[in-house]
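These notes are about the structure you will find just below.
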Protein chains: 2
Amino acid sequence: MTRPVTKAALDRSSSLHEVFALPEGRALEICLKLQAAILEHRLAPGVKLSEDEVGEIYGVSRTVVRAALQALAHSGLVAIEKNRGAFVAKPTIREAHEVFQARALIEPAVARLAADLITDTQLDDLRDHLEAEHDALHAGDMSRALFLSGGFHTEIADIADHRIYAGMVRSLISRSSLIIALYWKRSDTACESHSHHALMDAFEKRDGAAAESIQKSHIIDLHSGLDLKEKRAGGISLSEALTV
Amino acid sequence: MTRPVTKAALDRSSSLHEVFALPEGRALEICLKLQAAILEHRLAPGVKLSEDEVGEIYGVSRTVVRAALQALAHSGLVAIEKNRGAFVAKPTIREAHEVFQARALIEPAVARLAADLITDTQLDDLRDHLEAEHDALHAGDMSRALFLSGGFHTEIADIADHRIYAGMVRSLISRSSLIIALYWKRSDTACESHSHHALMDAFEKRDGAAAESIQKSHIIDLHSGLDLKEKRAGGISLSEALTV
DNA sequence: CAATCTTAAATCGTATACAATTTTTGTTCA
DNA sequence: TGAACAAAAATTGTATACGATTTAAGATTG
């Protein structure tokens with residue numbers, strides 16, 4: 001009755017392919033490249049992502065491009081409109097509020113978990129990350145600084161070692177990147193860096209309560225740094241009329 | 001300079017196509033049918049969903065089936081393994097814990113929002129829903145009772161009128177359905193019904209704090225109603241060896 | 001000259017076909 | 001008998017082709 005187990009089956013049982021519903025192979029590659037481009041603000045919200053165009057750029061068929069775009073749509077970075085195509089998502093003011101509300105609920109809980117679990121090597125990694133963020137800021141590379149700032153938050157989620165929370169945080173951070181691109185008001189971003197350093201201190205002390213509290217304040221502060229006053233809507237749809 | 005606006009463009013600006021990244025048209029149809037089948041436990045966790053088979057059943061090509069399966073994978077109901085195909089997801093014990101941890105964090109907050117926003121007609125709808133749940137329970141239709149029980153939670157999320165939370169809750173409820181199918185321990189489900197009635201009372205009084213508190217207890221109670229003791233793992237893989 | 005209708009180009013939605021991989025089946029040999 | 005190997009069948013991954021819809025351009029008319 002026992003049959004020789006196939007090689008592939010053995011691989012499966014051992015490997016931790018718990019990557020959480022990402023498209024596999026080629027599609028994932030394109031998915032990540034597009035995601036990076038969007039998160040680094042090299043693709044502005046509202047820009048059209050033509051299937052043929054993207055496919056030709058990366059040398060793949062529309063089939064795989066569609067898979068990648070669909071995945072990005074699920075993570076909220078891309079909006080797909082029937083018979084019209086895919087566009088870099090352009091979060092509404094309402095969605096911006098909702099995203100930061102959700103972050104203010106989830107990320108503090110995640111920070112507390114992370115503080116209890118963080119290892120010394122992970123502390124080192126976080127410190128390195130913070131330094132890179134600092135460097136980018138000093139070099140005036142705002143896009144990269146913002147990108148790294150987001151990465152700081154997702155890294156914490158990974159440390160918390162909670163797949164569900166990690167997925168949620170990743171999605172929320174991605175949307176936040178677009179939201180900040182559209183609605184950022186404050187000119188100084190030093191505040192960010194300060195909060196992140198305070199978080200580092202809490203992590204070093206393994207003080208979960210402090211980490212939770214700091215993270216909550218930090219996100220509320222970020223939220224208040226946005227200009228979400230409706231008036232922009234008109235201006236945006238105008239510029240949209242010109243560019244699209 | 002002004003060009004006559006296309007009909008489709010007008011439709012777009014007016015219609016609220018904020019359906020949140022679901023596949024459009026045919027794919028959505030199949031997506032919903034498969035989802036219903038899984039949530040009603042007519043498709044057991046681990047069952048293979050062959051592209052050809054599903055396509056032939058619903059009379060569509062593999063292309064659209066793939067889109068539907070990918071969407072379901074993103075919502076956590078289906079697991080796709082490279083070069084092997086799609087299967088009804090089979091949440092691990094760890095994922096079960098994570099899902100209910102997340103629910104215990106998010107749903108109470110959602111319940112509070114809902115209590116502040118709920119309208120009279122929505123109260124009526126909830127009452128109807130509760131009654132249907134009650135009927136199914138009395139009729140001994142466990143699958144349907146469980147299905148409706150999940151629906152109660154998503155309905156609350158819709159009332160809270162918060163897209164991000166609603167999406168998260170929907171995904172968590174879906175996974176919970178699978179988790180319960182795999183790990184439910186308690187034989188009585190009357191407790192559920194009781195909690196839901198208590199929630200109704202809080203909603204009727206528009207008492208957000210009470211709703212939040214009740215919902216949190218309810219979810220913790222659900223979590224404790226699961227048998228997540230690892231030992232099952234062996235038993236499951238055995239039965240799996242027989243059925244698959 | 002502006003608005004409407006018609007026609008052409010471009011783009012998406014879906015089906016089908018072929019290549020790559022896995023799984024099964026059948027055979028051989030110790 | 002049971003393990004190891006080889007070939008065949010089945011299934012997925014990807015590319016391409018064709019029909020449908022949208023968008024843009026051009027002609028027409030008041």
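Numbered from 1 within each chain, the chains take letters A, B, ... in sequence-line order. Since the model is a prediction, treat every value here as computed from it, not as a measurement.
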Establish, with yes or no, whether the OP1 or OP2 oxygen of [N] is under 4.0 angstrom from a side-chain nitrogen or oxygen of [X].
X	N	result
B/R66	C/dG13	no
A/R62	C/dT11	no
A/K48	C/dC12	yes

Tell me: [atom1] of [X] to [atom2] of [N], nearest whole Å?
X	N	atom1	atom2	answer
B/K82	D/dG13	NZ	P	8 Å
B/L69	D/dG13	CG	C1'	14 Å
B/E29	C/dT14	CD	P	11 Å
A/N83	D/dA20	CG	C1'	7 Å
A/F87	D/dT22	CZ	P	13 Å
A/D52	C/dT11	CG	P	7 Å
B/I80	D/dT11	CD1	P	17 Å
A/L49	C/dC12	CG	C1'	14 Å

Next item on the list: Taking side-chain hydrogen bond (donor to acceptor under 3.5 Å, both in side chains) as the test, write out the residues that go with A/E56, two or more places apart.
Entry: none
Any carboxylate oxygen within less than 4.0 angstrom of a Lys/Arg side-chain nitrogen, looking at [X] and [Y]?
X	Y	result
A/R163	A/D158	no
A/R62	A/E51	yes
B/R175	B/E95	yes

Check: Got a donor-acceptor contact below 3.5 angstrom from the A/S174 side chain to the A/R170 backbone?
Finding: yes
Next item on the list: Could you please name the option among C/dT22, D/dA15, D/dT12 that lies closest to any side-chain atom of B/R84?
Entry: C/dT22
Checklist line | From D/dT16, D/dG13, C/dA15, nucleotide with atom closest to A/S61 side chain | finding: D/dT16
Note to self: Taking the nucleotide of DNA chain C with the nearest heavy atom to each, does A/G85 or A/T63 sit closer to the 5' end?
What the structure shows: A/G85
